[in-house]
Each structure stands twice: as structure tokens, then as C-alpha cells.
There are 2 protein chains.
Amino acid sequence: MTTNPPRRRATIHDVAKRAGVSITTVSHALNGKGVIADATRKRVVETAADLGYSPDAIARGLRSRRLGILGLVIRPLDTLGSYQPEGVDYFLRFAGAAAVEALDRGYGLALMRDPTVGNAPGIALAADGFIISDPVASDPVIELLTRNGIAVVAVGRDIERPEFTAWLGAGTHTNTDAVIQHFLERGATRIAIVTGEDNNSWNADSELTYRAWAAERGQTPLVYHQDEGLGEAGGRALAEQLLASGEPLPDAIYCLTGRHAAGMQAGLQAAGYLIPDDIMIASGSDSEQTRNSAPPITSIDLAPEATAKAAVTFLVELLDGVPDADPDADPDGDGAGDPVPPEVEYRIRDRASTRSMR
Amino acid sequence: MTTNPPRRRATIHDVAKRAGVSITTVSHALNGKGVIADATRKRVVETAADLGYSPDAIARGLRSRRLGILGLVIRPLDTLGSYQPEGVDYFLRFAGAAAVEALDRGYGLALMRDPTVGNAPGIALAADGFIISDPVASDPVIELLTRNGIAVVAVGRDIERPEFTAWLGAGTHTNTDAVIQHFLERGATRIAIVTGEDNNSWNADSELTYRAWAAERGQTPLVYHQDEGLGEAGGRALAEQLLASGEPLPDAIYCLTGRHAAGMQAGLQAAGYLIPDDIMIASGSDSEQTRNSAPPITSIDLAPEATAKAAVTFLVELLDGVPDADPDADPDGDGAGDPVPPEVEYRIRDRASTRSMR
DNA sequence: AAAAATACCCAAAACGTTTTACATGCCGGA
DNA sequence: TCCGGCATGTAAAACGTTTTGGGTATTTTT
């Protein structure tokens, strides 16, 4: 075989026997719980070290009902059905950063697929809490988890579950306004938006904000949708559709996904249009495609690292309680301060696909 | 509070009571184990469904000694100490793909930091098996895990632990030869190599292969090292160092990391050299930097997705046994076929940083 | 010197499963 | 009528912890 001789792990019993005490004493000594003579504690600790003992996380989890694992479900990947490298930039960075932050807080982070489909790997319900990125409307995952009493924090709201408030925003409203403002400052008069088709708050709220602006301004809203999974090809297809429609073209297009934006830009350029002179392009999500298109595409930096960090922080506070909560202020008397979703700063990356302000 | 009323999960006892049978019968009925009257089984299954019962993964894990979680430790990130997006392309893609593959095989995948430092989040030793990417020499993580009887699969070998054979290669030897060959075919006469400083097999074996070639060819080896963490700046610094040395410049440089390659190229260009005309550049790891430099840099596509998939497959076979193993061929009589590391195909991405063959 | 307090330690229960080994009732065969 | 066998079901142990509720010396107080 390839593996080394699998030696049995030392248990608390082994330590107890070797140190000549009861397992209770070992547990207490190691966890600093009971009241124990210093000499005994020292002896136990040393024996434990000798034996290389570390408490079994599973057994401990069974007693304490916490495993030390955070689950992460990225909904768009469920619908996309693939972790193709192109375009999922954001999610991979999000997952990596979430893992690191979880680790720093003493949790492991397990990436999981939609636990409601197929035979959920039971382990799903064993995680201490979940982060769910971009839930869809009335998300069944949130349903399943809350029904089982598992803490959930969402990134992006569940647009049909207003009572679920444990979410932190991706700044969708602000970001959309910022992009529109950006276009307007640069002389745009006819702004269009391209959202994806997933039924999540990023798509919905972006469109909502856009429509609100259009209504206020009295402009006919120009809203297009495209399957996220189609990527750049989808953006290009949309460009052709736009050109073929005979309608007057927009002079600024806001594509939520970076791949749509890159495809749209390429499609328009192929038809002889100049970016940004004829038409400006911006993306709602910075990605390799927006950074490396020609010209590079102005994008919202969704700050996946900061968002992940905030989400983990929020969830851990939900689980462990807010560390420095004011003990006097505890309105619901549940002994735990109510954590409030951290805010994340987003920035617009000003690139050549929108006119310079000079 | 933000969470829903945390309802207690139904246990096997609840099901047993409701169905009027013992918990043994419930367990058997649900797992298809014992011999039970069809009517009883049906009744049990139905009540279980009614109650929304699903066995607790932790309790089950305690009995069966398997949790359904695979651990992933990416060593270079431990030493790098950061999940910064730049340059870790490969690892994020690796982690994402590994997670998906694990999920497909009924496991969750938990990303973890070096479990030997600090107070390892006990959960580390609770994972069923581990994938460890790019172990360092005599890697303490492999040591810790095997000592505790936990299955480990490495990507890249432990260069000072020949008895550890459960690793799959990143094709380092072949890849290095391929790049050298690529350079030679394009007229290079003076080839240099730049490795990183981590003490892993990627660095070591690349250098070894290169030196072997140089020795055979009778060329003085031109070997440089640079801290991986320095990224593009490190590559640029090395370029300046090369220029300042007064030695005749190489006409082809193989940088293992994409960031070093990009920095090296930029540094040489800044000094007025033309790529590829004066000097050719290639990278041992395709990344955003190599794809998007000007000119784009010829690179080995390390196929992180395929490698991750192979690693997970290998590990799962180690844990569960090879599904379709020939029962007659079982030399060690341990009832489990010995899985053999899957092979992964790597390709060289031929780009403008090396001369065209026209 | 007896009672009360203190310091230290431990047995056993509990967490929710799976599995082993045995109990019960019924049938057919002798 | 008795017995072996079969079909069905169950009690209890085990997994490795943490925690509860004492228990036993030893010391202090009266």
C-alpha cells in the first residue's frame, strides 16, 4: 500500500489511563473547566502531549452540537452547473477569501453544492452555519437550512422572502446608480442595461434601480436579459440582436456580468462601432474579461475578498455572539447581541470603455 | 432575531416512536440492512419522510469513523500567507474544481490552512482524507496526517520522503523538457531557468531536469531563484539583476511562475530588448498575467481542473476502494484494489513570447 | 473533638447513530 | 407433542467526548 501504517489515534481514555486519572479530569484539565490541582493538570497536559492526543472533533461535535465547519453554497454555480474558469473569477476569489477568514476564526470552510437536490451529503446539515451567495427567489436552500435550525447568512437578499434579514448587500442599488451617474457625466443620453436571467437580487435590484431612474427621467427603459451561462458569446449575440433590431442604438450599455460586457463590446466593434466614442460599455462585475478587453472595460469592483470576509464575520457573530457586545443592551434577552451585517465598500474601476472626463 | 425559530431536528428516536418500532428497526429500514417485513419498512420510510428525518452526520460519523469531508491544503498559500487574487489563479481554479469533483462523489470539500501550526481547528483530523497541493520537503502536514492514520494524496511529491508514494505528478519533468525543446526548436542557444524558492517538487524537479539537460548538452546551467511572493516585481528585479551582471544574456528564459515571467518580460522590454526577437520567454504556469502580457507569454497549461479531478478521484478510491477492481488481483489481500494515480495531460500554450515556427 | 467548609476528583449520563447478538412467535416436520 | 428452523424484531453496546451531580479526604471552624 501507499499509506503509512494507520496508527490508532489516542483517545481521552488513553490519556486518562496513562496519567492515572479519570477521563473527567483529563477533559477538565485540557479545557480549563473544573477545579484541579496544578500538579495534576500539568501531568495530564504533559501526558496528552506525549501521546499526541487531540480531542476527536466528531465526538466533540456530537456533544456540543458544533463541528467547526461553515458551509458555503454559491447559487449561481448551481444553476451554471460548472466551475469553468472563465467568468467565475468572482466566485473563486470569494470562496478563497471566505476560507481564509473562516480559518482565522477557527472554522473550516466547506464548499457545497445545493443540498436540497439529490441525496444531500448529510454533512450539509452538520455544518454549524451557512453562507449562501446570491440566493434565488424563495430559495429552497434557505428554507431547508432554517427549517433545520441552522444559521444562514446570505450575500444578496432573497427577493421573495422579506422576513429573512440575515443578508448583506452587494451594494446593488448604489452600484447601479453609480454606473448610471458615470455614464451621464460622460454625456450619455440613452442608457441600456443587460442583466442575467437568474432570479436573484443582483439581477432584480439592478433592473429595479435602473427602471426607477428611467421612470424619473422619463426615458423609455432599455432592458435586456441574457443567460449568464452563455458568457461572451451571449454578449456578442445580444449585440447582433441590438444591431438587427433597427431601433436607435443606446450610447451607453451597462452589462451586469463581465463576460456579457466583453462580448457586447466585441460584437459592437465587429460591426464597426467605436468604444467608447460611439457607445460606452460598463460592467457590474470586474473580471479577467473586463480587465483585458480592448479597450479595458469600466467595471464595478465587487470586492469579493471584502464581501467574503464580511459574510464570514457576520455568520460567526451569529453563531458565537458578538464578542464585545454591550451586555446592557440586549433587548431580546437571548444573551447574544444582535450582529448587524457589515458594510462593504465597492469602487468603480474607471477604464477606457467609458469616456475620460479630462 | 434574524433567524427563524430553530426547530429541533427529528432524531431516529422520534421516527421509532411514531412508527411504533425500535430504533434498530428504523436504522435497518432506512439503510436496507436487516431483514424486515415489507409493510414495516414502508411504514418506517413514510414516517421518516413525514418527520423530515435525516440521520445526523455527526452521530453517524462517530460510529462509522467517516464524516464525508475531504480536506484540501494548498501549501504555497500557507507560505505565501495570502489568497491575493493575482497569481493564484491556478490554486483557486484547483480548489473550485476539487470541490465540484468531491461533491459529485458525495463528499464535501473543506479548504484548510496548515493544520500543524497554531491550534489546529480539531476538525482537521476529522476529515476523511486530505489532498495536499505542492508539499514541501519532509512536509509536516503529511507527517501529522499519516501519523493519525488519515489518508493523504499529494499533488507533487515530497522530495525528501520517497516512501510516500500517494502523489500524482504535475508532469514537471516532461513539462520542463517540453519547454526546453520548444526553445531549441525556435533557435535558442542559451537557455536560463527561474524557479521559485519554496522547497517543493515543482521547483526542485524543474531545476533538476534543466540541469540534467544542460549537463548532457555541456552548457553551463543558468539557474536563478526568486521568492514566489514577490510576483511581477520579483520578475522585474531579476531582469535588472541579469542586465546589471554584465554576463551575456540568455536568449530564452523559462520562468516557472506566470508572475515572474510577466515581470521578467516587462523588465527586459523596459531595457529595450524585444520579446521574442532578442529574448524568448516562457512560463511554467498559465495565468492571467501570461495570457494578458504584451506579447502574451507561452506557458504550460497546468490544467488545474483536470489535476484537481484526478487528485480527488485518487483520494476517493483510496478511501472507498477502487469500484471496479479485479477481485482476483489483490496481492496484499487487504480487500481493496490499489488505486493508481491518474495521469493528467498538460499542454504548452504557444504564444507570441516565443518565436513562431512558420 | 465534632461539625462545617474546602479542595480535589470521579462515575455515569448524554449526544444520535450503527451493529451485534439475542428474543419471540410461528410454522412444518418428526 | 416436541423440536428445529425461519421470519421478524429488539436491547444493549459502542463510538469519544463534555457535563452533571455527587463523593471522599483534608482542612478549618467552633
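Chain naming here is simple, since letters A, B, ... match the order of the sequence lines and numbering starts at 1 in each.
The structure places CG of Leu144(A) at 5.5 Å from CG of Asn148(A), a figure rounded to the nearest 0.5 Å. Interatomic distance, CD1 of Ile159(B) versus CG of Asp139(B), reported as 10.5 Å (0.5 Å rounding).
Looking at heavy atoms from C-beta onward, Phe94(A) lies in side-chain contact with Thr307(A) at the 4.5 angstrom threshold. No side-chain heavy atom of Arg113(A) sits less than 4.5 Å from a side-chain heavy atom of Leu77(A).
Between Lys33(B) and dT18(C) there is no side-chain N or O to OP1 or OP2 distance below 4.0 Å.
DNA chain C lies under 4.0 Å from no heavy atom of any residue of residues 37-49 of chain B.
Among residues at least two apart or in separate chains, salt bridge (Lys or Arg N to Asp or Glu O under 4.0 Å) pairs with a member in residues 148-160 of chain B are Arg157(B)-Asp205(B), Asp158(B)-Arg161(B).
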Show me the protein contacts with nucleotides 10-12 of chain C, counting only N or O atoms at under 3.5 Å.
residue, atom, partner, partner atom, Å
dC10(C), OP2, Ser22(A), N, 2.9
dC10(C), OP2, Ser22(A), OG, 3.4
dC10(C), OP2, Thr25(A), OG1, 2.7
dA11(C), N7, Thr24(A), OG1, 3.3
dA11(C), N6, Thr24(A), OG1, 2.6
dA12(C), N6, Thr24(A), OG1, 3.4

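Contacts of Ser22(B) classified as side-chain hydrogen bond (donor to acceptor under 3.5 Å, both in side chains), with partners at least two apart in sequence or in another chain: Thr25(B). For Arg63(A), the salt bridge (charged side-chain N to carboxylate O under 4.0 Å, His left out) test picks out no residue, with sequence neighbours left out. Residues meeting the side-chain hydrogen bond (donor to acceptor under 3.5 Å, both in side chains) test with Thr11(B), sequence neighbours left out: none. Remark: Thr313(B) engages Glu101(B), Arg105(B), Glu317(B) in a side-chain contact (heavy atoms from CB on, under 4.5 Å) (not counting sequence neighbours). The side-chain hydrogen bond (donor to acceptor under 3.5 Å, both in side chains) search around Asp50(B) returns none, not counting sequence neighbours. By the side-chain contact (heavy atoms from CB on, under 4.5 Å) test, Lys17(B) pairs with no residue at all, sequence neighbours left out.
Note on Leu62(A): a base of the nucleic acid sits closer than 4.0 angstrom, heavy atoms only. Residue-level contact check: Ser27(B) touches the bases, meaning some heavy atom is under 4.0 Å from a base atom.
In the helix from dA1(C)-dT30(D) to dA30(C)-dT1(D), the end axes, each obtained as the rotation axis mapping the C1' atoms of four pairs onto the next four within a five-pair block, lie 70° apart to the nearest 10 degrees.
Under a cut-off of 6.0 angstrom, the local environment of CG in Asp38(A) is sparse, with at most 12 non-hydrogen atoms contributed by other residues, nucleotides or ligands.
First and last contacts of DNA chain D with chain A, using any nucleotide atom under 4.0 Å from a protein heavy atom and ordered 5' to 3', fall at dG16(D) to dT20(D).
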In a table with atom names and distances, give each donor-acceptor pair under 3.5 Å that connects a side chain of residues 124-133 of chain B to protein atoms at least two apart or in another chain.
residue, atom, partner, partner atom, Å
Asp128(B), OD1, Leu67(B), N, 2.7
Asp128(B), OD2, Leu67(B), N, 3.2
Asp128(B), OD2, Gly68(B), N, 2.5
Asp128(B), OD2, Ile69(B), N, 3.4

